[in-house]
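Quick notes on the structure that follows.
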Amino acid sequence: MVIKPYGFTLWENMKDALDKMFKDTGHVNAYFPLFVPKSLFEAEEKNAEGFAKECAIVTHYRLKNDPENPGKLMVDPEAKLEEELVIRPTSEAIIWNTYKNWIQSYRDLPLLINQWANVVRWEMRTRLFLRTAEFLWQEGHTAHSTKAEAIEEAEKMLEVYAAFAEEFMALPVIKGVKSESERFAGAVETYTIEALMQDGKALQSGTSHFLGQNFAKAFDVKFMNKENQEEYVWATSWGVSTRLVGALIMAHSDDEGLVLPPRIAPYQVVIIPFLRKNDEELTATMIAKSEEIKKQLNAKGIRVQIDTDETKRAGFKFAEYELKGYPVRLVVGPRDLENNNCEIARRDTKEKSIVSLEHIDDYIEQLLEEIQQNIYQKAKTFRDANITKVDSFEEFKEVLETKGGFISAHWDGSTETEKKIQELTKATIRCIPQNNPQEEGKCVFTGNPSKERVLFAKAY
RNA sequence: CGGGGUGUAGCGCAGUCCGGUUAGCGCACCUGGUUUGGGACCAGGGGGUCGCAGGUUCGAAUCCUGCCACCCCGACCA
């Protein structure tokens, strides 16, 4: 997947906000290798198994000219690696192998490290942004001296993700834990934030894992505690990826194109001055005025772009910036300037209004905030309207087919039942929600007793 | 890997059944002019190994054989 500058800026803005949140919670960044020796990779069996089917592997380290096909290259059979290198699908293996050497004492703990990196998972079928063979992400890997502290860390980072999704991406999410079959390979517990796309399908948008001592045992990561006893460390890992860009697109867009929440939009405002090809004076006036407004907005920390392209008409530009999801369009023309006005159009509601240029910076600052809230509310209203409680399998199938969204249903807790339901309906358990109300009920599929509802959905 | 489909200009397509002008259309691109408050118009222009290789034929985008690539559905998955 190629990510062009506009899309990449979205990712950068997400990255910047997240990175700050990680730092604020005591984490630091580091970088670990892309290539993982196979022997390291396979050390934690469950994790290795979980990813085995989607690993790209480096087997050779050299090409040479193909004697049979002049001008072509071939893999040099002489350059076969003694040990194959797995291209990281995730970095637990190499990181824990490294942590082993960094941790000796409880004084070295907790170790709170994050890395921004690319990973490769050889997908059979890819989907732009949502599932690509190579993607960018961040992966936090932490080591703790107690189980409670590690669990607390995993839960804390889930909260960070949820806060980021809701406050920056205007994306309402449901926090919860994964069922056993959806759990990260090698984890004891996987926490997740689940979002709902406008087509009624769910999207796992971030996960945080309590890894127990699984990796510590696999990589022999021990520390000496205060009582002078050796113990295995407790671990977590957590990540979000460029999938979030896909989430953003699919959660908010409409028939006119993207709708970007101001807090991560590459530009929050586009200023479109009316220009005339053969009227240099007018053009100069309009551009000067635009620059003046831009300066004013920049002073408030607002990201602004001015479009001074004379070869495109205004109407064309309007449509184009709507397509790109710019939250606010500010138009200045001779007619407006006579009264010291401008025309403001907001992307989320498509409303246009004439606004005085006096205090335009305050006006837009407030408007951006309003748009941010409105986009979030709209998505939340949609999400809430698409969580349906069902109490029979017939109803389950009916809702899934006609309405989609999350289905809240009783489940007997068995993997077999979950699997059967998936085979019959394509729906999977997205999560067992946090603070889930406990209520007696019967499994929607088997009729076995159940003490809580879980959320099912078709998912990306 | 199984089922289905598509490869013709940067993009989207027609032409292929039934072989026969110089391979065409829309968008985009370039030049000039007129326009300009919601995706402008007119005129002119540039751009093609018709996926690749072989074959049949006087003649192949079109028929035959082989190969390749991509897309959709399924199995896998964040």
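Since we're looking at a predicted model, the values are computed, not measured. Labels below follow one simple rule: chain letters A, B, ... track the order of the sequence lines, proteins then strands, and each chain is numbered from 1. We use all heavy atoms of the structure for the numbers below, so side chains are in, but hydrogens, waters and symmetry mates are not.
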Can the ring centroids of A/Phe210 and A/Trp238 be said to lie less than 6.0 angstrom from one another?
no
Is the A/Phe396 to A/Phe456 ring centre distance short of 6.0 Å?
yes
If pairing means Watson-Crick or G-U wobble with both distances under 3.5 Å, then the partner of B/U56 is none
Integer angstrom distance from the P of B/U21 to that of B/C68
34 Å
Go ahead and name the base partner of B/C25; Watson-Crick or wobble counts if both distances stay under 3.5 Å, otherwise write none.
B/G12
For the P atoms, the ones on B/C1 and on B/A23, what distance do you get once it is rounded to whole angstrom?
39 Å
The side chain of A/Arg243 is closest to which nucleotide in this list: B/A78, B/G37, B/G38?
B/A78
If you measure from the C1' atom in B/C25 to the same atom in B/G74, how many Å do you get, rounded?
37 Å
I want to verify a distance call: between B/G38, B/G37, B/A78, whose nearest atom is closest to the A/Pro334 side chain?
B/G37
Nearest to the side chain of A/Lys53, heavy atoms from C-beta on, is which of B/G37, B/C76, B/G38?
B/C76
Looking only at the side chains, is there a donor atom on one of A/Thr207 and A/Thr192 sitting less than 3.5 Å from an acceptor on the other?
no
Only distances under 3.5 Å count here; give the side-chain donor-acceptor pairs of residues 332-345 of chain A to other protein atoms, sequence neighbours excluded, each with its distance to 0.1 Å.
{"unit_1": "A/Asp336", "atom_1": "OD2", "unit_2": "A/Gly333", "atom_2": "N", "d": "2.9"}

Both A/Leu337 and A/Gln422 contact RNA chain B. Which one's nearest nucleotide lies toward the 5' end?
A/Leu337
Geometric cation-pi criterion, A/Arg243 with A/Trp11: 6.0 Å, 45°:
no
Is there a Watson-Crick or G-U wobble partner for B/C1 with both distances under 3.5 Å, and which nucleotide is it?
B/G74
Watson-Crick or G-U wobble mate for B/G32, both contacts under 3.5 Å:
B/C42
Rounded to the Å, how far apart are A/Arg276 CZ and B/G37 P?
8 Å
Side chain of A/Gln204, heavy atoms from C-beta onward: which of B/G38, B/G37, B/A78 has the nearest atom to it?
B/A78
Exactly one of A/Glu320, A/Arg346, A/Arg347, A/Gln305 clears side-chain hydrogen bond (donor to acceptor under 3.5 Å, both in side chains) with A/Tyr326, and that residue is A/Gln305
Of the residues in residues 304-320 of chain A, which ones touch RNA chain B at a heavy-atom distance under 4.0 Å?
A/Arg313, A/Gly315, A/Phe316, A/Phe318, A/Ala319, A/Glu320
Contact class for A/Lys352 vs. all strands (heavy atom < 4.0 Å): base, sugar-phosphate, or nothing?
base
Sticking with atom C1', work out how far B/A78 lies from B/G37, rounded to a whole angstrom.
47 Å
With heavy atoms under 4.0 Å as the rule, sort A/Glu322 into base, sugar-phosphate or nothing.
base
In whole angstrom, give me the gap between the C1' atoms of B/G12 and B/A28.
11 Å
For A/Phe41, which residues count as a ring pair (Phe, Tyr, Trp, His ring centres under 6.0 Å) partner, sequence neighbours excluded?
none
